[in-house]
Each structure stands twice: as C-alpha cells, then as structure tokens.
Amino acid sequence: MKTIRIYISIALIIGITASCNDNRLDIAPLNILTLDQVLQSESAIDAYMASLYSALPMEDHLFFAGGGGNRLANNTDEALSCFGDERNGIGDGTWTQWWGYDHIRNVNDLMEHLPESSLGETTKQRLLGEAYFIRAYYYFALVKRYGGVPIIKQVQYYTGDNLAELQVARNKEEEVYDFIASDLDSAALLLDETSARGRATKYTAFALKSRAMLYAASEAKYGDVQLDGVVGIPVSAATRFWEAAYDAAWEVISSARYSLYNRTPNDKAANFQRLFLDEDNPEVILARHFSFPDKTHGYDNWVLPFGVRGPDGYSSRMTPTLECVEQFEYIDGTPGKLKIEDESGNPIYYAHPSDLFKDKDPRMLATVIIPFGDWQGAIVDVQAGLYDQGVKYEAGDYSALYNPETHRPDNENGTVRIVGLSGFGGSEKTQTGFYTRKYLNADLARSLATFAGSDQQWIDLRYGEVLLNYAEAASELQRFDDAGWALNEIRQRAGIRLLERAEVTTEKVRHERLVELAFENHRWWDYRRWRIADQLLNNTRVSALKPYYDLDEQAYRFEVGVAGRFPKTFPVRVYKERIDPGEISKNPKLIQNPNY
C-alpha cells in the first residue's frame, strides 16, 4: 500500500467546507496517513476531499494568465492592465497551463479504495459521486486547453520494468468529452440534491456538464479536426453535444433549486453588484470560499482604482475597454454606443460625466466604475485633461496645474488640476478611462486591500451561466423559443427590454453572454471555442474613453482614444495550448499540438 501524504490545513478546510462546527480536526497527531487510514475516519476523509476540491483549477481570484498579476480578461478585448504591467502579447500557448495528472491520480486512488472503507454505504456513495465530479472537472480543464489527452482511469504504479506500460498515448478529443459526460452522469446519479457549502451536488454535476458539452459542441461545429482527431471533433458530433448541453442545463433549471439573485429588485445595479458578494445566495451552484485571515486573496489590491488603492500600492490591473462598456445596451434595448458627438460630429457636453451613461444597462454600472463614479464615498476622478478657448491640455502628472486667468499651464500659480488623481498618466492608472467594479468588496476597509486581505468568494458555477448555456444550445438547435425564454430571464433581472421572438439569434445569445459574464473569466475560453479570437484580435488596438473638462462650457466632453501601447494578436495555434516538452520527454507517445 503506497503512502498518501495528507496535510491537514485549517485554512484549506475553511475554504472548502460549510462549517467548522464538527470534529474534522480531531485526528491523531500525524501528518502522514495511508489512504486506508484516511478512509476509516470521516474527519480525515473530509480533509482529503478538501485537498481534492482545492486542486480544482478554477480561474478564480488567485488565477493569473502568464503570471505577474495579469488577469485573464487582459488577454481579450475586455480589459487592459495598467501601463506598468501591460503585456505586449496575449500568450504563446503557455500562459494558462494545467497538466494535473498528479491530482487525477489522487482522485483515482480514492475511487479504487473506497469499497474497502468502513464508512457507511451512503457516505461512500456520496464520496464516489464527488470523486466522479472532481475527476470530470480535472479532465475538462485539460481538454479545453490541449484537446485530446490520455484518459487514465486507474492508478499507475511503476515497478521498475514497466515504463512502456505507463506511457499512454493521447485519446481523441471527442473521447475525452464523452468520458467527462460519463463521469458527470455517474456523479449526478450518486450525489444528493444538497451538500455542504463548496461541495458538489447532483445539480453541480449537471451545471458543469452543460458547460463542458457546450465547449464540445462548439469544437465540433467551429473547430478543425487535426492529428486524426486527437485535436478537434468531427462536425457530425455537434448536434449530440448541443443536445447534451441543452438537457444538462434543463436538469438544473427544472429542479427549481436555484434562481437568479434578486434581493434588491428596485435597484438593479446594486442587486447585480451584490450577487458576487452575498454568500447566502440562491444563484450559486459552486463557489470557492475564502475566509480572512486563513484563506485569502488579493483581488481588491490588484483591481481597485489608483486613487483609492490599498496600502501595498498596487491597482488598475484590469481596466475595462470602451469596447467592453459599449457592449452593454441601453435599457430600451438599443445598442450601447455612447453618445459623445452629435450628428454633425460636434462634442456633446455633460454637466456631470455620469450623465453620459444615463439609461445604460444597470449591469454595466455594477460591473464597471465609470469616469467620476464613486467608490466607498470617494469620486474616482479620471479626467484626461482640459479644454480652454478651444485648446486641449493634457498632462502625465496629477500635480500639473492650469491657470484659467493666463490660459496656460502653470504649476506655481495655477488653480485647476489638468488631470484626475485616477486619470491618465502614470504607470499604475487606467489606460481606458474605466475601472472594474465586479467582485470588488465595497465593505472592505482600504487598509485590508492588500496582497492577502480579501476574502470574497469566487463563483465558479451560477444559475445565470446555466441559463445562458441553455440559451446557446437551444439557439444552435434552432429552438429559439427556448433560447428567448432563457435570455429574457436574464434580461428581466437586469432591468432591460425583453427580446421579441424575431430578435433571438445565436449572435444575440453570445452578446448576452459577454455582458452578463464580463470579468468572470469566460470570454477568453468563449472566443477560443467559437473560433473568433484570431479574427477579433488581429493586430487589434482597443479603445479608451477620455473625459475632458471644458472651461468655457463649464461641462465635460469626451473623446475616444487608442488605449495601451501594444496591439493584441491571437496566434491561431493558441486555440490549443502547448504541451510541456518536459512531459513529452517523459512520455514519447504524447503528440505535440500543431505548430508548436
């Protein structure tokens, strides 16, 4: 019997499970246990399960694409990091690596030894269901990155002379998705309808299946088959995967166990903002939980606007682009392009900058901090400059002053600041005119906005996504009544005009997905599975919205500028990621993905 190292971590247990009001820590003072020993104690198995859940490769608050604080949204047209940390590319196929076969071995080991456990049969069946879910999650993380990967269902043991047996070739991508579906179906059969916080239920399995099958169907319809099916899925399989996604989503919807968060329906923006902070939440299907000071993250530290940053001094690492902001419609359903010029091309003046955003989709105000928006009572001043007598003045330093009497910049006698504290210029400020609001904790003291001061949850699976998965699968299957119903559930909660039947298209579903799920780390994967990333991001420069105060008009005007220093280009080969050459050297049967 091999030895499994089990390190019992209080922080880990708090982060995954529902409560600490039990005896899970009453374990003999040993930090190395065999799996047989673990399986004789419910407290020990809870700790072991916590380790398996902790290894789920969620793209959560602690996830960076390429390291260095780079958020995944910055790899798309959704956002830019601040000037100091802006990347001159969006990845070479190595920025989101995860080759988790060590974790797969651990869950396989659990599945093999569960029958020998002295735990009750009901408990064993639940644990087996969780193991199926966790293994499916691991494999989904692999297949969405690499395509087909080796399917390993049993623990492999090296005996000194069986190396060739342990070197397994890659399965076809279609086979991996079928394996994921099978594991999730098994999980759904074994799991209860409720569970401790952070652990899988029957409907967690169906929710993940709705996502995974959507990816498989997209791969079949929009991707290319290469390496004899190791990469890509035949187009003939698309319909069955759309059907599987549709059916799995409906299992969650028809259960009526989840609903869209709607605690403050009379304030749509505040309601959507609180969705991501309220842990007593009917929309959450699976979340990763944090608890200060034991298990924390630094999301606020990285994302807060410059003028209200925390004591560690960082900020502005994910600032929304104008393109992202304009994807949010107006509440009457008209396109979201901002009204900064009249029909003749003359600037439109606004007494207050927020007036520009009047009647926009309330989700935008809950997702984005707009120019001169507020944060914890402070105004986020992103003024880009001044106009005086028709002349534009800009500065790269907040201390720069302007003298309205002499009509000149004048740091000694000036009385008006040229740029805002959180505005353009400087290495750690917005490059786009906006800051991200979604997931920021409005109740967090600024003194705690540090590398390890935040503890808001990360919602990995929520009912809103399941509705969108259902809508996308339905639209691809030409079931537009079903797609329209799901979209209108989302739009009604948002507070914008409902769609007529004739307006419901697959493109409309995709649009709704982009705005509802903004900054939840879906866009990178959605652009990839729809095979549009190389079209949208082909030497592409994103845009900034620059507010100027006009001294003559005593009002604000806006201009569109080019944001950032570098264009964004998505290399076609990055539709599949590079398998680490070190893994290929250990297993020559692995085939590298094309063009690496």
Side-chain angles (χ1 to χ4, degrees), residues 61-90 95 296-322 324-325 353 367-385 394-401 417-442 444-454 519 541-547 561-566 568:
H61 296 304
L62 294 168
F63 179 82
F64 300 109
N70 186 57
R71 298 280 161 179
L72 193 54
N74 299 331
N75 285 20
T76 71
D77 58 352
E78 198 169 27
L80 278 183
S81 189
C82 64
F83 184 91
D85 275 7
E86 185 194 359
R87 303 303 180 91
N88 61 4
I90 57 175
W95 282 18
T296 62
H297 55 83
Y299 181 80
D300 298 271
N301 170 80
W302 292 107
V303 175
L304 276 169
F306 178 84
V308 293
R309 66 196 184 280
D312 286 346
Y314 292 82
S315 67
S316 316
R317 262 55 181 190
M318 188 170 67
T319 60
T321 64
L322 178 60
C324 173
V325 170
T367 302
V368 175
I369 298 176
I370 61 174
F372 294 85
D374 71 284
W375 182 255
Q376 294 182 335
I379 298 300
V380 180
D381 182 350
V382 297
Q383 184 168 300
E394 297 178 313
D397 189 342
Y398 174 66
S399 65
L401 298 175
R417 293 195 184 276
I418 298 175
V419 297
L421 177 60
S422 294
F424 294 81
S427 63
E428 293 193 352
K429 298 182 181 180
T430 181
Q431 298 195 73
T432 65
F434 301 98
Y435 288 95
T436 298
R437 187 184 296 273
K438 184 179 277 189
Y439 269 120
L440 283 180
N441 186 357
L444 184 71
R446 194 181 302 181
S447 62
L448 291 177
T450 63
F451 286 118
S454 300
F519 304 106
R541 302 297 296 272
V542 294
S543 303
L545 182 70
K546 306 182 78 173
V562 175
R565 295 169 290 169
F566 311 111
K568 295 190 178 192

Test H61 against every option in F519, W302, Y299 by the ring pair (Phe, Tyr, Trp, His ring centres under 6.0 Å) rule and name the one that passes.
Y299

Atom pairs and distances, donor-acceptor, side-chain atoms in residues 309-316, under 3.5 Å, two or more places apart:
unit_1: R309; atom_1: NH1; unit_2: F306; atom_2: O; d: 2.7
unit_1: D312; atom_1: OD2; unit_2: F451; atom_2: N; d: 2.9
unit_1: S315; atom_1: OG; unit_2: E428; atom_2: O; d: 3.0
unit_1: S316; atom_1: OG; unit_2: E428; atom_2: O; d: 2.7

Atom pair CG/CZ of N88 and F566 - distance to nearest 0.5 Å:
5.0 Å

Set of salt bridge (Lys or Arg N to Asp or Glu O under 4.0 Å) partners for D300, sequence neighbours left out
none

Which distance, rounded to the nearest 0.5 Å, do you find between the CG of L80 and the CZ of R87?
12.5 Å

Quick one: list whatever passes ring pair (Phe, Tyr, Trp, His ring centres under 6.0 Å) with F372, sequence neighbours left out.
Y556

Are any non-hydrogen side-chain atoms of L440 and I369 less than 4.5 angstrom apart?
yes

With sequence neighbours excluded, residues passing side-chain hydrogen bond (donor to acceptor under 3.5 Å, both in side chains) with S447:
none

What closest approach, in Å, do L304 and A449 show between heavy atoms, and which atom pair accounts for it?
CD1-CB, 3.7 Å

Interatomic distance, CZ@F434 vs CD1@I370, rounded to 0.5 Å, equals 8.0 Å

Got a sec, which residues hit salt bridge (Lys or Arg N to Asp or Glu O under 4.0 Å) with K568, two or more places apart in sequence or on another chain?
none

Results of salt bridge (Lys or Arg N to Asp or Glu O under 4.0 Å) for D85 - residues two or more places apart only:
R317

Judged by atom type as modelled, is there a donor-acceptor pair below 3.5 Å linking the side chain of T436 to the main-chain atoms of M318?
yes

